[in-house]
Amino acid sequence: MIKRTLCIETPCHLKCSNEQLVVSYGHVKGLEDRADKTVPIEDIGILILEHQQITITHYLLDKLAGNNVAVITCNETHHPSGMLLSLEGNTLQSERFNAQIEATEPLKKQLWQQTVKAKILNQSSVLKKWGLNHNLLNNLAIQVKSGDSNNHEAIAAAYYWQHLFPDSWQFFRKRDGPPPNNLLNYGYSIIRASMARAIVGAGLLPTLGIFHRNRYNAYCLADDIMEPYRPFVDQVVRSIIQQTSQVEHLSQELKVQLLRIPAADVLMNGETSPLMIAMQRTASSLAKCYNGEQRKILYPEIP
């Protein structure tokens, strides 16, 4: 079942009643007459809290965690700053933790090779969609070695970002760089939360990565296996700037387009499914790779 991504942008009080998330405005000056809104907690996959005057009950937080909902908090600039995930997302969690911890270096290098190859092929598909030369990326994908020892991910990224956006944008990919970096950052935060949620649901540790290693990063594994999913954000952002150059401010209209990404159709093993479901299959396949049931991670392709 595809889960909903909710973004709360106004002052309100969030609570739980009868297994429903309740959005209440009774205490908000100027919004007292607005009717409460409710959403079944079991339908929610990601909850984004944007406004600084949102209050939330601990009981609701506990219910959200129990249903493996990723709760994202945002700072005063409306950009994601934190995430809450369940500690018990899978009944086989302990067993899968052990398999993940004991994974050998050769296995992790093979998994990273598959990940980089899938990412580059999806980047190639994005360029192809916009009628841009993508042959170099196809060739780089074929030549990725174990552990990406020849650093084809970086070579592909340099070419990709140089060509994806029109020359007039003079684009340079940098987290705190000028637009449309803000759109990319927001979209990546959404898929990072979706992937972290899928990882926890598969009984894996999101902190223990395949390639990424950072003592201050609690989501190294999410950052690893979300890589082939980044181009799904890129193609949406490319479509947005085709429609408008007014992207300095992350408006509600722009957010809506980015928030739809988890429900976007992707191809996996020749079948079409929503991106959020594909992430669950990716995380589940990774767990099987760790315990020796299979040797390949399932990654999506851009239709």
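Since we're looking at a predicted model, the values are computed, not measured.
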S.K.: Can you check salt bridge (charged side-chain N to carboxylate O under 4.0 Å, His left out) on Lys119 and Glu227, steps first, answer last?
M.R.: CA-CA 6 Å; Lys119 177 183 181 180; Glu227 291 292 350; 2.7 Å; yes
S.K.: Just by distance, with hydrogens left out, do His13 and Ser24 show a side-chain donor and acceptor under 3.5 Å apart?
M.R.: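 No.
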S.K.: Can you hop from Val69 to Val22 via hydrophobic side chains spaced under 4.5 Å?
M.R.: no
S.K.: Would you name the heavy atoms of Leu205 and Leu221 that are closest together and state the gap between them?
M.R.: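 Closest approach of Leu205 to Leu221: O-CD2, 3.5 Å.
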S.K.: To the nearest 0.5 Å, how far apart are OG in Ser124 and CG in Asn135?
M.R.: 7.5 Å
S.K.: Does some side-chain heavy atom of Lys255 sit less than 4.5 Å from a side-chain heavy atom of Glu9?
M.R.: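 Yes, their side chains come closer than 4.5 Å.
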S.K.: Nearest heavy-atom pair of Ala202 and Arg96: which atoms, and what distance?
M.R.: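 Answer, listing the atom of Ala202 first, then Arg96: O-NH1, 2.7 Å.
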S.K.: Please report whether the ring centroid of Trp161 lies less than 6.0 Å from that of Phe171.
M.R.: yes
S.K.: Can you give me the closest heavy-atom contact between Asn182 and Val247, atom names plus distance?
M.R.: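 That would be ND2-O, 2.8 Å.
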S.K.: For the residue pair Thr115 and Tyr299, confirm or rule out a side-chain donor-acceptor distance under 3.5 Å.
M.R.: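 Distance-only check passes for Thr115 and Tyr299.
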S.K.: Under a plain distance cut-off of 3.5 Å, with no hydrogens placed, do Glu271 and Asn269 share a side-chain donor-acceptor pair?
M.R.: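 Short answer, no.
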S.K.: Decide, yes or no, whether a salt bridge links Glu42 with Lys3 under the criterion of side-chain N to carboxylate O below 4.0 Å.
M.R.: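 Answer for the salt bridge query: no.
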S.K.: Output the distance between atom CG (Leu298) and atom CE (Met268), rounded to the nearest 0.5 Å.
M.R.: 5.5 Å
S.K.: Can you see whether Tyr188 has Arg230 sitting over its ring - NZ or CZ less than 6.0 Å from the centre and within 45° of the normal?
M.R.: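 Satisfied, under 6.0 Å and within 45°.
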